[in-house]
Amino acid sequence: MISVAIGQSGETLLLSEAVLEHFNACRQTRFWHREAGGLLFARISGNMITIEEATGPRPTDRRSRCSYQGDRRAEQQEIDQRHPLGLHYIGDWHTHPEPKPRPSGADDRAMISRISSSKHQLQSFLYVIVGTAAFPDGLALAVHDGRTRLDLMLDSVAASATS
């Protein structure tokens with residue numbers, strides 16, 4: 001499990017072992033691997049946000065070595081199915097073919113679009129980028145409120161992460 005403080009909000013983000021295992025299985029460790037991605041679903045209890053599920057990739061997603069576009073219709077179905085179970089859509093994840101991933105301008109634009117086109121009560125959305133290095137080095141986490149991105153500091157992470 002990985003635990004990360006969300007800025008100075010007093011909130012803590014937990015990535016479950018199941019989510020870390022899913023990310024690990026999707027890493028682009030070979031030159032022929034295409035980017036993968038999906039949605040992040042969490043249970044929220046007070047200041048604790050526990051990501052319990054990461055969906056995707058789906059056969060209907062558009063994927064190449066350096067790009068990923070999720071099937072929006074399938075994603076909406078995932079959101080609709082999980083919400084009654086107490087799982088809240090809180091953001092997206094995708095891979096990059098680099099050891100220590102960094103959000104790109106395209107990643108920021110996609111998140112701004114996602115925030116502005118979604119009906120939600122969240123102050124920001126999370127996005128996770130999964131690189132080729134072992135975790136936690138191979139993870140980049142950020143929250144975006146539609147205007148500003150806050151990169152979460154993984155050097156202060158409490159981890160027993162899958163490598």
Side-chain angles (χ1 to χ4, degrees), residues 1-6 11-30 33-45 48-104 106-108 110-111 113-115 118 120 122 124-144 149-152 154 157-163:
M1 186 165 300
I2 290 180
S3 173
V4 182
I6 302 177
E11 296 174 311
T12 300
L13 178 70
L14 294 172
L15 284 86
S16 71
E17 284 299 322
V19 167
L20 292 171
E21 288 171 10
H22 185 71
F23 290 164
N24 192 50
C26 293
R27 287 186 306 151
Q28 291 179 264
T29 56
R30 301 285 187 245
H33 289 168
R34 298 175 295 156
E35 281 195 11
L39 304 183
L40 299 169
F41 292 92
R43 292 194 192 278
I44 302 170
S45 177
M48 189 68 60
I49 302 166
T50 305
I51 301 175
E52 292 188 2
E53 185 178 3
T55 64
R58 302 160 209 85
T60 52
D61 294 340
R62 288 184 288 169
R63 302 169 58 196
S64 71
R65 176 74 177 151
C66 295
S67 69
Y68 168 81
Q69 176 62 51
D71 177 339
R72 296 294 182 227
R73 185 173 297 163
E75 290 175 341
Q76 187 59 54
Q77 289 175 343
E78 292 171 357
I79 292 168
D80 294 343
Q81 291 167 351
R82 285 159 179 79
H83 192 264
L85 304 174
L87 289 170
H88 300 276
Y89 164 67
I90 63 160
D92 298 355
W93 73 275
H94 69 278
T95 61
H96 276 190
E98 59 186 335
K100 294 184 178 185
R102 295 284 160 238
S104 66
D107 293 331
D108 284 333
M111 192 53 54
S113 173
R114 180 72 102 178
I115 291 166
S118 297
H120 58 89
L122 301 174
S124 59
F125 278 172
L126 171 72
Y127 63 105
V128 176
I129 302 173
V130 178
T132 60
F135 305 155
D137 289 340
L139 291 174
L141 285 76
V143 290
H144 208 299
R149 180 184 83 215
L150 172 66
D151 295 324
L152 301 182
L154 290 176
V157 76
S160 64
T162 306
S163 55

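- With Arg62 contributing its side chain and Gly70 its backbone, the two residues share no donor-acceptor pair below 3.5 Å.
- Between Ile2 and Pro136 the shortest side-chain heavy-atom distance falls below 4.5 Å.
- Two residues are said to be in side-chain contact when any heavy atoms from C-beta on lie closer than 4.5 Å; Asp61 and Tyr68 meet this criterion.
- For Arg72, the CZ atom sits in a packed shell: over 12 heavy atoms of surrounding residues, nucleotides or ligands are nearer than 6.0 Å.
- For the residue pair Pro99 and Pro101, the shortest heavy atom distance occurs at O-CD, 3.3 Å.
- The salt bridge (charged side-chain N to carboxylate O under 4.0 Å, His left out) check on Arg82 picks up Glu53, with sequence neighbours excluded.
- Applying the side chain to side chain donor-acceptor pair (under 3.5 Å) criterion to Thr55, with sequence neighbours excluded, gives Arg58, Glu78.
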Acceptor/donor pairs from residues 34-43 side chains to any protein atom, 3.5 angstrom cut, sequence neighbours excluded:
from  : atom 1 : to    : atom 2 : distance (Å)
Arg43 : NE     : Glu52 : OE1    : 2.9
Arg43 : NE     : Glu52 : OE2    : 3.2
Arg43 : NH1    : Leu85 : O      : 2.9

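- Scanning all heavy atoms of the two residues, the minimum distance from Ala140 to Arg102 falls at CB-NH1, 4.2 Å.
- Between Asp92 and Phe125, every side-chain heavy-atom pair lies at or beyond the 4.5 Å cut-off.
- The shortest heavy-atom contact between Leu15 and Phe23 is CD2-CE1, 3.7 Å.
- For Thr29, there are no side chain to side chain donor-acceptor pair (under 3.5 Å) partners, not counting sequence neighbours.
- Between Ser3 and Thr12 the shortest heavy-atom distance is OG-CG2, 3.2 Å.
- Side-chain contact between His33 and Pro97 is absent, with no heavy atoms from C-beta onward closer than 4.5 Å.
- Counting only heavy atoms from C-beta outward, the side chains of Met48 and Glu11 never approach each other to under 4.5 Å.
- Between the OG1 atom of Thr132 and the NZ atom of Lys100 there is a distance of 10.5 Å, given to the nearest 0.5 Å.
- The shortest distance between side-chain heavy atoms of Val128 and Val19 does not fall below 4.5 Å.
- For the side-chain hydrogen bond (donor to acceptor under 3.5 Å, both in side chains) with Asp107, the lone residue among His96, His144, Arg149 that qualifies is His96.
- A heavy-atom distance below 4.5 Å is found between the side chains of Ile129 and His94.
- Here the CD1 atom belonging to Ile6 is positioned 5.0 Å from the CG atom belonging to Leu13, to the nearest 0.5 angstrom.
- Here the straight-line distance linking atom CD1 of Ile44 with atom CG of Leu87 works out to 10.0 Å at 0.5 Å rounding.
- Distance CG/Asp80 to CD/Glu75: 12.0 Å, rounded to 0.5 Å.
- In this structure, His83 and His88 have perpendicular ring planes: the angle between them is above 60°, well past the 30° mark.
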Exercise. Stepwise, does the side chain to side chain contact (heavy atoms under 4.5 Å, CB included) test hold for Leu139 with Val130?
Worked result: CA-CA 5 Å; Leu139 291 174; Val130 178; 4.0 Å; yes
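- Counting only residues at least two apart or on different chains, no salt bridge (Lys or Arg N to Asp or Glu O under 4.0 Å) pair has a member in residues 133-142.
- Listed here is the closest heavy atom pair of His22 and Gly56: NE2-O, 2.5 Å.
- Listed by chain and residue number, nothing satisfies the side chain to side chain donor-acceptor pair (under 3.5 Å) test with Ser45 (two or more places apart in sequence, or in another chain).
- Distance check: Leu126 CG to Ile51 CD1 gives 5.0 Å after rounding to the nearest 0.5 Å.
- Atom CH2 of Trp93 and atom CG of Leu141 lie 13.0 Å apart (nearest 0.5 Å).
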